Amino acid sequence: MNFNAFTIQLTQYISQNHPDKIEDKEFIESRGQQAATVFADCSRQGMNLEECSRQANKVLYAGLHFSPYRMIMDIIQTNCTHLPLTDEGRHSLAMTLLDICKPHISTYLTPENRDSFEGSYQYLRVRLQTKRMINQYLDDNGF
């Protein structure tokens, strides 16, 4: 893998927000390379460092602003405080729940709303439905 600063930055972001995508090295490297190219192009056009970074980050994080994993982790941390889970236990539970809930969550996401989904009415609806799915899973599995 050809690492550049953007690839490293994206790898860290994905590991924290989209751990189900961490093995997609081709995507990570490609997106990091695209961001580096945009940064270099902007720099050649005379943009300042801040604007170059802003334009590169648009490419780097496109479609990744909403994280089903983060939403599930937030639900677990907020509504499952009664469960004696370690950080690793919460992560493991969230990954299991992500596999269960992601198909439902994905039905609400489109390329057009992916980066503005959080905070929308649809987000609130999906969050409530996901919370119900999580509660059902916990009840069914003796948590």
Side-chain angles (χ1 to χ4, degrees), residues 1-43 47-143:
M1 190 176 230
N2 180 18
F3 282 104
N4 63 46
F6 292 105
T7 302
I8 294 167
Q9 188 177 339
L10 184 60
T11 300
Q12 291 171 339
Y13 181 81
I14 284 179
S15 72
Q16 295 170 356
N17 296 287
H18 299 278
D20 55 313
K21 296 180 186 328
I22 197 67
E23 295 302 320
D24 193 348
K25 305 296 185 202
E26 186 177 321
F27 168 77
I28 294 169
E29 186 172 344
S30 172
R31 190 62 77 83
Q33 191 56 48
Q34 289 171 8
T37 299
V38 167
F39 185 92
D41 290 347
C42 290
S43 180
M47 293 182 191
N48 65 36
L49 182 63
E50 186 178 315
E51 186 59 27
C52 293
S53 294
R54 187 177 306 119
Q55 294 301 319
N57 284 339
K58 283 182 185 179
V59 171
L60 191 65
Y61 297 114
L64 297 173
H65 293 286
F66 170 68
S67 167
Y69 171 80
R70 277 279 139 222
M71 182 178 70
I72 289 168
M73 278 295 281
D74 184 56
I75 291 169
I76 291 170
Q77 291 170 331
T78 304
N79 299 298
C80 302
T81 55
H82 63 285
L83 298 177
L85 296 171
T86 63
D87 288 345
E88 184 56 40
R90 274 190 293 282
H91 170 74
S92 179
L93 178 59
M95 292 301 287
T96 298
L97 292 167
L98 183 61
D99 287 340
I100 294 166
C101 300
K102 193 172 182 180
H104 174 72
I105 294 168
S106 295
T107 62
Y108 289 87
L109 296 174
T110 65
E112 293 80 31
N113 76 356
R114 247 182 154 49
D115 289 333
S116 61
F117 186 68
E118 203 161 339
S120 70
Y121 170 76
Q122 293 284 44
Y123 170 81
L124 297 174
R125 184 175 177 187
V126 168
R127 184 179 170 90
L128 179 61
Q129 292 168 346
T130 302
K131 183 179 170 184
R132 288 180 184 145
M133 292 173 77
I134 290 171
N135 288 337
Q136 186 64 53
Y137 175 86
L138 295 174
D139 286 347
D140 291 349
N141 291 281
F143 280 91

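No experiment lies behind these values; they were computed from the predicted model shown. When a residue number appears, it is its place in the shown sequence, counting from 1.
Asn113 places a side-chain N or O within 3.5 Å of a backbone atom of Thr110 that can act as its donor or acceptor partner. Under a 3.5 Å cut-off, the side chain of Arg90 and the backbone N or O of Leu85 do form a donor-acceptor pair.
The structure places OG1 of Thr7 at 9.5 Å from CD of Gln9, a figure rounded to the nearest 0.5 Å. For the atom pair CZ of Phe143 and NE2 of His82, the computed distance is 9.5 Å after rounding to the nearest 0.5 Å. To the nearest 0.5 angstrom, Cys101 atom SG is 13.0 Å from Arg132 atom CZ. For the atom pair CD1 of Ile72 and CG of Leu93, the computed distance is 9.0 Å after rounding to the nearest 0.5 Å. Remark: Gln33 CD to Leu60 CG distance equals 11.5 Å, nearest 0.5 Å. Asp74 CG to Asn79 CG: the interatomic distance, rounded to the nearest 0.5 Å, is 8.0 Å.
The shortest heavy-atom contact between Cys42 and Gln55 is SG-CB, 3.7 Å. Between Leu109 and Arg114, the closest heavy-atom pair is CB-NH1, 3.0 Å. The minimum heavy-atom distance between Ser120 and Ser116, with the atom names listed, is CB-O, 4.2 Å. Ile105 and Pro68 make their closest contact through CD1-CB, 4.1 Å (heavy atoms, listed as atom of the first residue, atom of the second, distance). Between Cys52 and Met47, the closest heavy-atom pair is SG-O, 3.6 Å. For Asp99 against Pro103, the heavy-atom pair with the smallest separation is O-CD, 3.5 Å.
Evaluated for a side-chain hydrogen bond (donor to acceptor under 3.5 Å, both in side chains) with Tyr69, the options Lys102, Gln16, His91 yield exactly one hit, His91.
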Stepwise side chain to side chain contact (heavy atoms under 4.5 Å, CB included) test for Leu97 and Ile75: CA-CA 11 Å; Leu97 292 167; Ile75 291 169; over 6 Å; no
Derivation of the side chain to side chain contact (heavy atoms under 4.5 Å, CB included) call for Leu138 and Cys80: CA-CA 9 Å; Leu138 295 174; Cys80 302; 3.5 Å; yes
Derivation and outcome, side chain to side chain contact (heavy atoms under 4.5 Å, CB included), residues Gln129 and Tyr108: CA-CA 12 Å; Gln129 292 168 346; Tyr108 289 87; 3.2 Å; yes
Full working for side chain to side chain contact (heavy atoms under 4.5 Å, CB included) between Leu10 and Tyr61: CA-CA 8 Å; Leu10 184 60; Tyr61 297 114; 4.3 Å; yes
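Taking the six-membered ring where tryptophan is involved, the planes of Tyr123 and Phe66 are perpendicular, since the angle between them exceeds 60° and thus also 30°.
No side-chain heavy atom of His65 sits less than 4.5 Å from a side-chain heavy atom of Glu118. Residues Met71 and Val126 are in side-chain contact: their nearest non-hydrogen atoms beyond the backbone lie under 4.5 Å apart.
Evaluation of the ring-ring contact (aromatic ring centres under 6.0 Å, His included) rule for Tyr137 yields no partner, not counting sequence neighbours.
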